[in-house]
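In what follows, every chain begins at residue 1, and chains take the letters A, B, ... in the order their sequences are listed. None of the values given here were measured: they were computed from a predicted structure.
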Amino acid sequence: MLASCLRAGMRGEESRVEPREAPRVPSGRRRIVFSAPVQGRHEENPTMSDQTNEHAVAFKDLPPEERLFRMRHSAAHVLAEAVLEMFPEAKYAIGPPVDNGFYYDFDLPRTLNPDDLQTLEARMRQSVKANLPITGEQIPKDRAREIFKDQPYKLELIDGIEDDTVGHFMHGGFEDLCRGGHTETTGQLGAFKLDRVAGAYWRGDEKNPMLQRVYGLLFPTKEELAAYEHQREEAEKRDHRRLGRELDLFHLDPIAPGAPFWHPKGTLLYNGLVDYMRELYREYGYDEVVTPQLFNVDLWKTSGHYQNFADDMYMFESDDEEIGVKPMNCPGHCHYFASGHHSYRELPLRLAEFTRLHRNERSGVLHGLTRVRAFSQDDAHIYCTPDQFDEEIFSVFRMIERVYTDLGLGEPTIRLATRPEKAVGSAEDWERATELLGASVTSAGKEYTLAPGEGAFYGPKLEFHFKDAIGRSWQLGTVQVDLGMPASFGLRYIGEDGEEHQPMMIHRAILGSLERFIGVYIEHTGGHFPLWLAPVQAVVIPIADRHLDYAGTVRAQLQARGLRVQVDDGPDRMGAKIRKAQLQKVPYMLVVGDREQEQQAAALRDRTGDDLGAVPIFQIGDRMVDERDTRSVQAR
RNA sequence: GCCGCUGUAGCUCAGAGGCAGAGCAGCUGUUUCGUAAACAGCAGGUCGUGGGUUCAAGUCCCACCGGCGGCUCCA
């Protein structure tokens, strides 16, 4: 059964949509990519007809996504033309279309500044105005080598192409090595704008020289370009670093790079999520443990982390021992497992841990809460028999679904990450484990796409990605099979047959790093947390000082029901207090004046601005308790 | 770590060789107010740090440290 499901699942690869030539989708900040309309063509080995019949179908008759792809691709050429004109000695590398636009990489005699972008953009507009025809043909490699004899990057690209001929595209006096996909003329570029210049390693390898990458934005119309820029501004308003400060949730300081200071309100949010996960752990049969922070490096040598990640671990000497601060929980959990005898009756054993992890991330990658050096995870390791494997994976799927629903995250998309270059275990084990994971996804009625070579060193993994409120995709949970540690830690259990067996081991996290999750969740909700997670659930706003006592009574009544309620007893007028609460995104405002005091009520207002009229306090309490206990995902 | 940009009050920003500024936030006082900002006053700074040029340096130069945007990495 698994095998047939497996084949079905593997087909997911074909439907995978990725920007061609674009960097792999990504990481850290780059994980946040606005969803792209660019659809997949065949990236590798385009057929001859693709190129010789470049303009066989009129540009205007192409599907819109193909037109956009070509506009962006041609814009990259026009950019390179402008750069070569500005710097005749420039070496040009690659210039693909990407989400939202295009880029081109150059090796230049000096660094570009923002004024240069203006100049280049003006020069590009001249090419657009000239409306030059873009022509392409297949030429023999030898001729291409002659044409690009002064262009080392192009020569390297030519060497890497397997065919006997390569694509050659021209417009005006500009020529480029290119597999094609272009507009008919330079006048068909739509609305574009040079965006920024950034460094990028040649072929993405940090051992190679760093080139200057010029990014451009490009959309079919001015309106769409403006809409994208507007969306980017909106995204900035949701930036968790900004909201973290505005909502008084956390701060970062150079005194502890990459280690957030959680403020009281942020801590409520943090602990709210931890409490929630603990509740699920009880329901799903997990056992929580607390293992050490500091281990003799022997542990990390056994697990393989020392060999694979020593540079990213904090290490120091103490009492002539070499100590490594824990970057992951799994070796500690394996050590716990190995410390006792286990019967098959104890399996599956699901060990969860929330304690703090430290990873010495390189300074350049740190980013708010989404890339930190100190964090904790809703991390767990499942030790089970081979028979139990499927059910354990399904159980994790159910839990993920539950969490996504409760948090209002919608349906995740799944990627299956396969064997990386640095890996433990045999190729056969990898293949088997990868198949198992893929099959479990399809038999759970879900689909996945492949992420070749992106697995952990100890095993293949499933990644769960969710799309946030403004269309950006984020990786959250993972499920991984471990092919190394059960053996390297000598894990054994006694089976029904009385013999020793090696358990299977599954790593899984649902929210992943709590820090990162909260960062993502802040941006997803724009700070409008559901009531059960809101640090302050209601603010009581007295109209005049004579209502202060009554406001205090209201707060006490609600606090008695376990609600987090504050009274705004400051000197502001009511309107200002409402504004303040609104900006703090407090779910409910309870305005109390003479009339409300009379009726033991409050004028209820929610953060969408709706006035819900005078409501008796006990009813407000009922409403809030219900909203909290059902974990209602309130409208924003 | 690498490339580029950037660093002035808690926050957002102006000042670009010649006395360190504004708005918001904060504090004090007046106002006691009916659904997104009452009014007045006060306080707030080694202009990221260190060095240099200059009669004079937020301002020019160098180094370092943060931050931002990319690249690389992400167990």
Side-chain angles (χ1 to χ4, degrees), chain A residues 23-24 26-31 103 105 111-114 116 195-215 239 241-242 245-246 248 251-255 257 300 303-313 326-331 357 359-368 370-372 420 422-424 454-459 461 475 478 480 482 484-485 507 512-513 516 541-548 571-583 589-596 603-605 607 609-614:
Chain A
R24 275 180 310 109
S27 70
R29 187 60 176 172
R30 289 243 41 234
R31 247 181 211 127
Y103 69 78
D105 287 348
T111 57
L112 294 172
N113 59 49
D116 294 328
D195 190 30
R196 54 172 53 110
V197 53
Y201 299 107
W202 165 237
R203 300 203 136 170
D205 188 333
E206 62 184 322
K207 288 190 278 295
N208 287 337
M210 179 157 283
L211 307 174
Q212 295 190 65
R213 174 170 298 177
V214 179
Y215 280 97
D239 190 311
R241 294 163 299 184
R242 176 200 192 112
R245 188 176 55 235
E246 287 173 2
D248 197 16
H251 83 272
L252 288 152
D253 189 281
I255 202 72
W300 309 113
S303 69
H305 288 89
Y306 190 89
Q307 295 84 331
N308 287 289
F309 293 100
D311 287 349
D312 304 316
M313 285 178 62
K326 84 170 159 189
M328 297 202 80
N329 289 311
C330 36
L357 307 174
R359 298 179 185 178
N360 192 1
E361 303 284 2
R362 303 207 267 178
S363 61
V365 306
L366 298 177
H367 179 89
T370 58
R371 196 69 186 272
V372 291
K422 277 202 278 187
V424 300
E454 291 186 33
F457 73 86
Y458 49 70
K461 70 179 176 187
Q475 186 199 318
T478 65
Q480 306 164 13
D482 197 309
M485 284 183 236
H507 302 237
S513 145
R516 178 177 154 80
I541 298 175
I543 287 177
D545 283 355
R546 65 176 178 281
H547 308 118
L548 271 173
D572 293 321
R573 292 186 174 194
M574 182 198 65
K577 290 180 181 181
I578 286 172
R579 181 168 187 273
K580 247 159 78 180
Q582 198 86 47
L583 290 173
M589 283 149 265
L590 281 62
V591 178
V592 295
D594 293 333
R595 294 199 297 271
E596 289 76 17
L604 189 62
R605 179 190 162 107
R607 63 186 159 190
D610 283 350
D611 186 347
L612 305 172

*Given B/U12, is OP1 or OP2 found less than 4.0 Å from the side-chain N or O atoms of A/R245?*
yes
*Between A/D105 (CG) and B/G70 (P), how many Å, whole number?*
15 Å
*Hey, is the side chain of A/R241 poking within less than 4.0 Å of OP1 or OP2 on B/G69, counting only N and O atoms?*
yes
_Does A/E596 reach a base, just sugar-phosphate, or nothing at all? Heavy atoms under 4.0 Å._
base
*Please tell me which of the listed nucleotides, B/U35, B/A75, B/C73, lies nearest to the side chain of A/I578?*
B/U35
*Starting at CG of A/D572 and ending at P of B/U32, how long is that distance when rounded to a whole Å?*
15 Å
_Donor-acceptor pair, distance only, cut-off 3.5 Å: does the side chain of A/Q212 make one with the backbone of A/L112?_
yes
_Nucleotide B/A36, atom C1' - distance to CD of A/Q582 in whole Å_ = 6 Å
*Taking only the side-chain nitrogens and oxygens of A/K461, find out if one of them lies under 4.0 Å from OP1 or OP2 of B/A75.*
yes
*Paired nucleotide for B/A16 [Watson-Crick or G-U wobble; both distances under 3.5 Å]*: none
*Quick one: label A/N113 by what it contacts on the DNA or RNA (base, sugar-phosphate, nothing), any heavy atom closer than 4.0 Å.*
nothing
*Not counting sequence neighbours, which residues clear salt bridge (charged side-chain N to carboxylate O under 4.0 Å, His left out) with A/D594? List them please.*
A/R546
*asked:* Pairing check on B/U28: which nucleotide meets the Watson-Crick or G-U wobble criteria with it, both distances under 3.5 Å?
replied: B/A40
*Should B/G10 be called syn or anti, with syn set as within 90° of 0?*
anti
*A/L583 near the nucleic acid: base, sugar-phosphate alone, or nothing, with a heavy-atom cut-off under 4.0 Å?*
base
*Along RNA chain B (nearest heavy atom to each residue), the more 5'-positioned of A/T111 and A/L366*: A/T111
*Which part of the nucleic acid does A/R196 contact within heavy-atom distance under 4.0 Å: base, sugar-phosphate only, or nothing?*
sugar-phosphate
*On a whole-Å scale, what distance lies between the C1' atoms belonging to B/A20 and B/U8?*
8 Å
*Can you tell which of B/C73, B/A37, B/G70 lies closest to the side chain of A/M210?*
B/G70
*Are side-chain heavy atoms of A/W300 and A/P327 found at a separation under 4.5 Å?*
yes
*Using the P atom in both, what is the distance from B/G18 to B/G23, to the nearest Å?*
23 Å
_B/G7 to B/G50 separation - C1' atoms, rounded to the nearest Å_ = 16 Å
_RNA chain B: 5'-proximal contact among A/V592 and A/G455 (nearest heavy atom)_ = A/V592
*Quantified in whole Å, what is the C1' atom distance between nucleotide B/A57 and nucleotide B/C42?*
31 Å
*A/F309 vs A/F457 aromatic rings, parallel, tilted or perpendicular, using cut-offs 30° and 60°?*
tilted
*With heavy atoms under 4.0 Å as the rule, sort A/G364 into base, sugar-phosphate or nothing.*
base
*Checking all strands, does A/D253 fall into the base, sugar-phosphate, or nothing category for heavy-atom contacts under 4.0 angstrom?*
nothing
*Quick one: A/E246 CD to B/C24 P, roughly how many Å, whole number?*
17 Å
*Between A/F309 (CZ) and B/C73 (C1'), how many Å, whole number?*
9 Å
*B/A40 and B/G58: how far apart are their C1' atoms, nearest whole angstrom?*
32 Å
*Of the nucleotides B/G34, B/G66, B/C71, which has the atom closest to the A/M574 side chain?*
B/G34
_Any base atoms under 4.0 Å from A/Q480, or only sugar-phosphate, or nothing? Heavy atoms, all strands._
sugar-phosphate
*Do the non-hydrogen side-chain atoms of A/N360 and A/D311 ever get within less than 4.5 Å of each other?*
no
_Quiz item: A/R573 side-chain donor-acceptor pair to B/U31 base, under 3.5 Å_ = no
Report all interatomic pairs (protein N or O, nucleotide N or O of nucleotides 39-47 of chain B) with separations under 3.5 Å.
none

*asked:* What contact category does A/P327 fall into here, base, sugar-phosphate, or nothing, at under 4.0 angstrom with non-hydrogen atoms?
replied: base
*Look at the side-chain N and O atoms of A/H367 and state whether any lies under 4.0 Å from the OP1 or OP2 oxygen of B/G69.*
yes
*asked:* Only pairs with both distances under 3.5 Å count, Watson-Crick or wobble alike; so what is the partner of B/A57 in this structure?
replied: none
*From B/C71, B/G4, B/A37, pick the nucleotide closest to the side chain of A/V197?*
B/G4
*asked:* Taking only side-chain N and O atoms of A/Y215, does any of them lie within less than 4.0 angstrom of OP1 or OP2 on B/C71?
replied: yes
*Please lay out, stage by stage, how A/L590 and A/L604 fare under the test side-chain contact (heavy atoms from CB on, under 4.5 Å).*
CA-CA 5 Å; A/L590 281 62; A/L604 189 62; 3.7 Å; yes
*With a 4.5 Å limit on heavy-atom distance, are the side chains of A/K326 and A/H305 in contact?*
no
*Any sub-3.5 Å donor-acceptor pair from A/R595's side-chain atoms to A/A603's backbone N or O?*
no
*Taking atom C1' in both B/A22 and B/A9, what distance in whole Å separates the two?*
11 Å
*asked:* With a 3.5 Å limit on both atom pairs, tell me what B/U35 is paired to, counting Watson-Crick and G-U wobble, or say none.
replied: none
*Determine the interatomic distance between C1' on B/U59 and the same-named atom on B/G41; round to the nearest Å.*
33 Å
*asked:* Partner lookup for B/A63, please. Criteria are Watson-Crick or G-U wobble with both distances under 3.5 angstrom; report none if nothing qualifies.
replied: B/U49
*Side chain of A/I543: nearest nucleotide among B/A75, B/U35, B/G34?*
B/G34
*Classify the nucleic acid contact of A/G575 as base, sugar-phosphate or nothing, counting any heavy atom under 4.0 Å across all strands shown.*
sugar-phosphate
*Look through every strand shown and name the nucleotide pairing with B/G69 as Watson-Crick or G-U wobble, where both distances are under 3.5 Å.*
B/C3
*May I ask you to say what A/D545 touches in the nucleic acid, namely base, sugar-phosphate or nothing, with a heavy-atom cut-off under 4.0 Å?*
base
*With sugar-phosphate meaning primed atoms plus P, OP1 and OP2, does A/A581 contact a base, only sugar-phosphate, or nothing at under 4.0 Å between heavy atoms?*
nothing
_Mind checking if A/A200 touches a base, just sugar-phosphate, or nothing, with heavy atoms under 4.0 Å?_
sugar-phosphate
*Separation of the C1' atoms in B/U54 and B/G17, to the nearest angstrom*: 9 Å
*asked:* Measuring from atom CZ of A/R573 to atom CD1 of A/I578, what distance do you get when rounded to the nearest 0.5 angstrom?
replied: 13.0 Å
*asked:* Does any part of the side chain of A/K461, heavy atoms only, come nearer than 4.5 Å to the side chain of A/E454, both counted from C-beta?
replied: no
_Categorize A/K422 for me: base, sugar-phosphate, or nothing, with a 4.0 angstrom heavy-atom threshold over every strand shown._
nothing
_With heavy-atom distances below 4.5 Å as the criterion, would you say the side chains of A/R607 and A/Q582 are in contact?_
yes
*To the nearest Å, give me how far apart CZ (A/R362) and C1' (B/C73) are.*
5 Å
*Atom pair distance, as rounded to whole Å: CG in A/D195 and P in B/C5*: 16 Å
*Whole-Å distance between B/C24 C1' and A/K580 NZ?*
12 Å
*Any side-chain heavy atom of A/H507 sitting closer than 4.5 Å to one from A/T478?*
no
*What does A/R595 touch in the nucleic acid at a heavy-atom separation under 4.0 angstrom: a base, only the sugar-phosphate, or nothing?*
base
